[in-house]
Amino acid sequence: MTSMQLGLIGLGKMGGNMRERIRRAGHTVIGYDRNPEVSDVSGLAELVDKLEAPRTVWVMVPAGPATQSVIDELGGLLQPGDTVVDGGNSRWTDDEKHAAELGAKGIGFVDAGVSGGVWGLQNGYALMVGGEAEHVAKVQPIFDALKPEGPYGYVHAGKVGAGHFSKMVHNGIEYAMMQAYAEGWELLEKVDSVENVREVFRSWQEGTVIRSWLLDLAVNALDEDVHLDKLRGYAEDSGEGRWTVEAAIDNAVPLPAITASLFARFASRQEDSPQMKMIAALRNQFGGHAVESAKK
């Protein structure tokens with residue numbers, strides 16, 4: 001194996017563990033983070049200065065303005081022949097813009113959708129990569145270090161933007177799968193006849209067509225809190241679910257399950273759902289069904 005150098009910007013939950021996994025594979029990682037306690041250098045200029053040309057720099061910061069500012073700064077520091085990887089959750093349209101901006105300076109750009117969360121250090125990270133073959137090839141030893149062992153967990157998905165687009169669809173599917181497990185769990189909890197919902201979920205972990213890592217994680221959660229009494233029913237969305245639905249509209253592709261799962265998260269943030277008020281009022285109007293007064 002050829003050992004290589006990598007500059008890694010952003011050493012949070014994902015980035016910090018990625019640095020460790022890459023180092024364990026025998027590569028040199030120079031990491032920068034705004035938190036000096038975890039950073040190897042004081043700034044981007046020092047990071048670039050410590051890397052030998054041709055340099056490879058991996059950006060692992062929040063999507064949007066944070067990523068844009070880092071890429072703008074790198075564009076002024078790097079040289080032709082260097083390569084930038086955006087491994088954050090950027091929108092694929094941003095990738096096309098960044099590739100053009102850096103390409104004008106002779107700097108390669110690769111987008112990498114990274115999945116693995118807090119388990120990636122131990123299990124490896126699934127990687128979906130977009131970019132020109134020559135740029136991807138320069139980063140391949142790092143991809144090989146990060147991916148899980150075995151034949152799966154890495155794909156060069158296509159052109160610039162294809163990696164993040166694939167990760168976005170992955171997250172959209174994840175939304176719908178989580179929603180299906182959640183709905184099934186709620187229904188099981190509701191009926192009197194099912195006395196041990198957690199063990200029903202556990203029984204599905206082997207031999208069923210719905211077994212998955214998400215199911216395993218659901219069982220873990222139920223082992224910690226059997227009826228999830230400690231949690232509030234409130235779920236954020238990272239943005240990728242929205243982008244998936246927007247892309248579906250742009251391409252006239254029907255995504256009813258993924259769209260419904262995103263809207264269910266929006267509903268979770270309403271203490272007293274305005275929609276349900278209207279539904280209750282209408283049921284009362286046409287059928288004389290009882291309505292509950294709002295709590296003062």
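As a basis for the values below, the full set of heavy atoms in this structure was taken, side chains included, without hydrogen atoms, waters or symmetry mates.
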**Study point:** Residues K190 and E186 bridged, charged N to O under 4.0 Å
**Key:** no

Check your understanding: Quick check: does any side chain N or O of H27 sit under 3.5 Å from a backbone N or O of S3, one acting as donor and the other as acceptor?
Key -> no

Point to revise | Neighbour count above 12 (heavy atom, 6.0 Å) for E206 CD | key: no

Review point. Can you check whether G161's main-chain N or O pairs, donor with acceptor, with D111's side chain at less than 3.5 Å?
Key: yes

Practice item. May I ask you to test the R55-L78 pair for a side-chain heavy-atom distance under 4.5 Å? Key: yes

Practice item. Spell out, as yes or no, whether a donor-acceptor pair under 3.5 Å connects the side chain of H98 to the backbone of A100. Key: no

Study note, to complete from the structure: Closest heavy-atom pair, V129 versus Y154, reported as atoms and distance to 0.1 Å, is CG2-CE1, 3.7 Å

Review point. Side chain of D49, backbone of A45: donor and acceptor closer than 3.5 Å?
Key: no

Review point. Are L262 and I258 close enough that some pair of their side-chain heavy atoms sits under 4.5 Å apart?
Key: no

**Study point:** Any donor-acceptor pair under 3.5 Å from D237 side chain to G241 backbone
**Key:** no

Check your understanding: In terms of heavy-atom contacts, does CZ of R34 have more than 12 from other residues, nucleotides or ligands at under 6.0 Å?
Key -> no

Check your understanding: Would you say the side chain of M18 lies within less than 4.5 Å of the side chain of L121, judging by non-hydrogen atoms?
Key -> no

**Study point:** Beyond-backbone contact of T56 with I142, side-chain heavy atoms, under 4.5 angstrom
**Key:** no

Check your understanding: Between atom OG of S39 and atom CD of E46, what is the distance when rounded to the nearest 0.5 Å?
Key -> 8.0 Å

Review point. Is any side-chain heavy atom of F165 less than 4.5 Å from a side-chain heavy atom of W243?
Key: no

Exercise for review: Indicate whether any N or O donor in one side chain lies under 3.5 Å from an N or O acceptor in the other, for Q140 and D144.
Suggested key: yes

Check your understanding: Under 3.5 Å, is there a donor-acceptor pair between the side chain of N251 and the main chain of V253?
Key -> no

Revision key, fill the gap. Shortest non-hydrogen pair, V114 vs L127, comes out as CG2-CD2, 3.9 Å

Review point. Does any N or O in the side chain of R19 come within less than 3.5 Å of the main-chain N or O of L8, such that one atom is a donor and the other an acceptor?
Key: no

**Study point:** Distance-only polar pair, side chains of K105 and Q79, donor-acceptor under 3.5 Å
**Key:** no

Point to revise | K97 side chain reached by Q68 side chain, heavy atoms, under 4.5 Å | key: yes

Review point. Can D40 and R23 be counted as an ion pair, charged N to O under 4.0 angstrom?
Key: yes

Point to revise | Backbone N/O of K147 and side chain of R21: donor-acceptor pair under 3.5 Å | key: yes

Check your understanding: How about V59 and V85: do any of their side-chain heavy atoms sit closer than 4.5 Å?
Key -> no

Practice item. Provide the closest heavy-atom pair for G131 versus H156 in the form atom of the first, atom of the second, distance. Key: O-NE2, 2.8 Å

**Study point:** Path from W92 to I173 over hydrophobic side-chain contacts below 4.5 Å
**Key:** yes

Study note, to complete from the structure: Between A157 and S166, the two heavy atoms sitting closest are CB-OG, 3.7 Å

Review point. When you look at OH of Y152, are more than 12 heavy atoms from neighbouring residues, nucleotides or ligands closer to it than 6.0 Å?
Key: no

Review point. Would a hydrophobic clustering, with Ile, Leu, Val, Met, Phe, Trp and Tyr connected at side-chain separations under 4.5 Å, put I30 with L146?
Key: no

Review point. Does the side chain of T83 reach to within under 4.5 Å of the side chain of F109, using non-hydrogen atoms?
Key: no

Exercise for review: Kindly work out whether a path of hydrophobic side-chain contacts (I/L/V/M/F/W/Y, heavy atoms less than 4.5 Å apart) joins Y181 to L231.
Suggested key: yes

**Study point:** For V160 against A99, the heavy-atom pair lying closest together
**Key:** CG1-CB, 3.8 Å

Practice item. Inspect the contact between R242 and E246 and indicate whether a charged nitrogen and a carboxylate oxygen are less than 4.0 angstrom apart. Key: no

**Study point:** S69 side-chain N/O to A66 backbone N/O, donor-acceptor pair under 3.5 Å
**Key:** yes

Exercise for review: Quick one: do D95 and D86 satisfy side chain to side chain contact (heavy atoms under 4.5 Å, CB included)? Show the steps, please.
Suggested key: CA-CA 8 Å; D95 296 324; D86 179 6; 3.9 Å; yes

Point to revise | Joint cluster assignment, M178 & V169, ILVMFWY side-chain distance < 4.5 Å | key: yes

Check your understanding: Is there a chain of hydrophobic side chains (I, L, V, M, F, W, Y, each step under 4.5 Å between heavy atoms) that links I249 to F266?
Key -> yes

Review point. Do R211 and D216 meet the salt-bridge criterion of a basic N to acidic O distance under 4.0 Å?
Key: no

Review point. Under the 3.5 angstrom rule, does the side chain of Q5 hit a backbone N or O of E52 as a donor-acceptor pair?
Key: yes

**Study point:** Shortest non-hydrogen contact from S268 toward A235
**Key:** OG-N, 2.9 Å

